[in-house]
Asker: 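Please see the structure below; I have some questions.
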Protein chains: 2
Amino acid sequence: MATLKEIANRAHVSVGTVDRVIHRRGRVSLETEQRVKRIISELDYKPNILARSLSMTKTFRFGILVPFPEQDGHYWELPLKGIEKAQSELDVYKVKVKYFYYDKYSEQSFEMACSKMLQMVRELDGLLIAPVLSQATEKFLTKIPDRLPYIFLDSYIPNSRCFSYIGEDSFQSGVLSAKLMRILVTAHGTVAIIKVQPMDYHIEDRVRGFFSYFNNNTDINLLTYTVNARESMPYYKITKKIVTENSDLIGIYTPNACAYQVADYLAEHFAGKKIFVIGYDLIKENISHLKNGSIDFLISQRSEMQGYESIFKLYKQVVLKEKVESRVLMPLDIVTKENLQFYEN
Amino acid sequence: MATLKEIANRAHVSVGTVDRVIHRRGRVSLETEQRVKRIISELDYKPNILARSLSMTKTFRFGILVPFPEQDGHYWELPLKGIEKAQSELDVYKVKVKYFYYDKYSEQSFEMACSKMLQMVRELDGLLIAPVLSQATEKFLTKIPDRLPYIFLDSYIPNSRCFSYIGEDSFQSGVLSAKLMRILVTAHGTVAIIKVQPMDYHIEDRVRGFFSYFNNNTDINLLTYTVNARESMPYYKITKKIVTENSDLIGIYTPNACAYQVADYLAEHFAGKKIFVIGYDLIKENISHLKNGSIDFLISQRSEMQGYESIFKLYKQVVLKEKVESRVLMPLDIVTKENLQFYEN
DNA sequence: ATTCCGCGCGTTATCGCACACGCAATTTAG
DNA sequence: CTAAATTGCGTGTGCGATAACGCGCGGAAT
């Protein structure tokens, strides 16, 4: 618990000098600078965060670039909840956030949000980006000023200068789903996997993981179907198609938050035979289907914690100037009827 | 973001007076006290925690009464890790902890730890108790001074004046285990449940939950065995007994952290037939058996987070004087080979 | 009447850090 | 060669709250 003052005494200088060394504000001779630095590391000096943020005049602003909260079946409300929680906890540390929403199915909307953000970029100290529209995001990244650090949430763009990625290991989450499906289905038969257009690397990765688990397994027949997310009721239609085309259907894997739509159809029009359904994310509709048994497992990627952590990592990187891990992978929680209650809220 | 000074100005008094009102230090006339209180609630004044703990002279000390870390297969290291993490984060807030360990199989050792704690009770501001030895703990509770708040970790003693309990819903965790076992075992046969002596309510609850799930299910034969924890290699012996007595054995449920001992035996002497094993807690030995497939599922009760949270709740209750929920139930994480990596560390 | 005590309040130092400012001693420019 | 700029350093103030201290006033005790 060394203080600035102690450092100063030891180095035979004033606190002002030590402060200048720490903040690289110059006006210190090379000799004293080295002496001070040595003593700082000798005493393992850590600035008192309380005092620091108490005296700090600057407030930090982070821009949040994410899809409209209600998209993906209100999925985006979950990370936003975490973001708000982090924001309120970091309020005393003078951290504010500024939201820029976009329609994840419209590049134009995305570009609108980006340009709004760029207009006030001078007031921002860091960005949180959910790069759902990967190509459009890549273009946007080139326009971000070099001084401005950014972090990815939910999914990821390779070869960018982002300082960290907060999210899941999509491939492994596919593997996990496959394992669960394997345990569930006791009989031989067909398992359908529902892909989505427009393509999303993140989701594709889950599907790849799913297939990789079943790689050398022959008694289960894997069949891929593709829906177009811009149509109306796409999952309803595709589920209908799946059940009519496969008399030996035993399971459906929905590698996104839309499992509830599949379960809806099955519950209404296919109640006779048990079809196992595995999906993602603890959104309201999925939860109620998990409760009534028409969804068997939900994989949760700690969406709320993702939002929370990403703001905290921004705080660490920008305000505290600490090193942040370049990948922070959230646990893949297996949620079922019997442990759901502890994951809700 | 009202400050003391603003309150003072509005109430036409000095900050000293407002401070005296807030901390009930007297020397304020009834009239001004009410005026100040009114303005405080009008402006929804929340003290700045940073400034508060920066200026605070008092340091808070919490006593930790838990089993030796190495007991239960080093299980207790997990909550302790969380406790240490919380302690280091709360260091700037002037929070210290003081450990009192006991042997969970010796009432005498427990009483020793208690009396040590009571000797320095005047220096303590709160207690964290793992009431593994329930009767002995009940006796101890009567000796705790009324002024001293305490919180339970891991398990619980009813009708006590503890301000909160941090842990799992043991019954429901048994239910969850049963559900998983039900999915795993496809054939008919016997599932063995291993109880422990001396009895532990917590563990018994898990077993009750397990049975309740299978209540009206007849194609699985449930059989209870009991080990004596004070013997040497008890699980080794009991597993041997189980496999020799049940030719139709298909699964074993170990409602505590000792599943690895069961798995040890099976891997060495019973490699031929697949026996499904479900156990608890991410201790090192269990983890390696999960990896090599001799344990199928581990239920994790977020042991590290339990420790972390319990210190934070003490901080909230004692230092911030905020209300704390009387029960904080941790999620029951289902851990398998495929998602283990995200729960490790 | 003087001393004394307690009440009701204001004042001020302190916590550890950030940052603006000021003041010599030098260096650079004109 | 003098004025201006720059370097190297110390001082002082503020952030918001805590808590010790001090002071006037009035009533009780001597």
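So you know, we letter chains A, B, ... as the sequences are listed, proteins then strands, and number each from 1.
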Asker: When all nucleic acid strands are considered with a 4.0 Å heavy-atom cut-off, which category describes B:T32: base, sugar-phosphate, or nothing?
Answerer: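 The residue B:T32 makes sugar-phosphate contact but no base contact.
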
Asker: What do the steps show when you test B:I49 against A:V92 for side chain to side chain contact (heavy atoms under 4.5 Å, CB included), and what is the final call?
Answerer: CA-CA 8 Å; B:I49 307 179; A:V92 285; 5.5 Å; no

Asker: Parallel, tilted or perpendicular for A:Y99 and A:Y101, by the 30°/60° rule?
Answerer: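 Judged by the thresholds at 30° and 60°, the geometry between A:Y99 and A:Y101 is parallel.
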
Asker: Check each of A:T17, A:D19, A:V36 against A:V28 using the side chain to side chain contact (heavy atoms under 4.5 Å, CB included) test, and report the only one that passes.
Answerer: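 The option that passes is A:T17.
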
Asker: Taking the nucleotide of DNA chain C with the nearest heavy atom to each, does B:G26 or B:L54 sit closer to the 5' end?
Answerer: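 Checking each residue's closest nucleotide, the 5'-ward one belongs to B:G26.
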
Asker: Cationic tip of B:K85 within the cone over B:Y308's six-membered ring, i.e. under 6.0 Å and within 45° of the normal?
Answerer: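 Checked: cation-pi criterion met.
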
Asker: By nearest heavy atom, map A:K46 and B:V13 onto DNA chain C; which one lands nearer the 5' end?
Answerer: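 Residue closer to the 5' terminus by nearest nucleotide: B:V13.
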
Asker: OH of A:Y75 to OG of A:S303: how many Å apart, nearest 0.5 Å?
Answerer: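 Taking OH in A:Y75 and OG in A:S303, the distance rounds to 3.0 Å.
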
Asker: Could you tell me how far apart B:K5 (NZ) and D:dT13 (P) are, to the nearest whole angstrom?
Answerer: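 Atom-to-atom, B:K5 to D:dT13, this comes out as 14 Å.
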
Asker: If the threshold is 4.0 Å, N to carboxylate O, is there a salt bridge linking A:R10 and A:E6?
Answerer: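 Salt bridge between A:R10 and A:E6, a charged N being under 4.0 Å from a carboxylate O: no.
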
Asker: Quick one: does NZ or CZ of A:K58 land under 6.0 Å from the six-membered ring centre of A:F60, within 45 degrees of the ring axis?
Answerer: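 Yes, a cation-pi geometry holds between A:K58 and A:F60.
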
Asker: Indicate for each nucleotide in nucleotides 18-23 of chain D, in 5' to 3' sequence, whether protein heavy atoms under 4.0 Å reach the base (B), only the sugar-phosphate (S), or nothing (-).
Answerer: BB----

Asker: Which angle, rounded to 10°, do you find between the first-five-pair axis and the last-five-pair axis of the helix from C:dA1-D:dT30 to C:dG30-D:dC1?
Answerer: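 Inter-axis angle at the ends, rounded: 60°.
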
Asker: Give me the first and last nucleotide of DNA chain C, going 5' to 3', that has any atom under 4.0 Å from a heavy atom of chain A.
Answerer: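 Span of nucleotides near chain A: C:dG16 to C:dC19.
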
Asker: Is a salt bridge present between A:D91 and A:K96, judged by a nitrogen-to-oxygen distance below 4.0 Å?
Answerer: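 Yes, charged N to carboxylate O under 4.0 Å.
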
Asker: Side chains of B:E322 and B:Q317 only: does a donor on one sit below 3.5 Å from an acceptor on the other?
Answerer: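 Looking only at side-chain atoms, B:Q317 and B:E322 do not form any donor-acceptor pair under 3.5 Å.
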
Asker: Considering heavy-atom distances to DNA chain D, does B:N48 or A:S29 have its closest nucleotide positioned more toward the 5' end?
Answerer: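 So the residue in question is A:S29.
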
Asker: In whole angstrom, give the distance that lies between atom OH of A:Y93 and atom P of D:dG16.
Answerer: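 The answer, rounded to whole Å, is 15 Å.
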
Asker: Aromatic contact between A:Y102 and A:F110, with the criterion being ring centroids under 6.0 Å apart: yes or no?
Answerer: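 That pair passes the under 6.0 Å test.
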
Asker: May I ask you to check whether A:T137 and A:S134 show a side-chain donor-acceptor distance below 3.5 Å?
Answerer: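 No pair is found: no donor N or O on one side chain lies under 3.5 Å from an acceptor on the other.
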
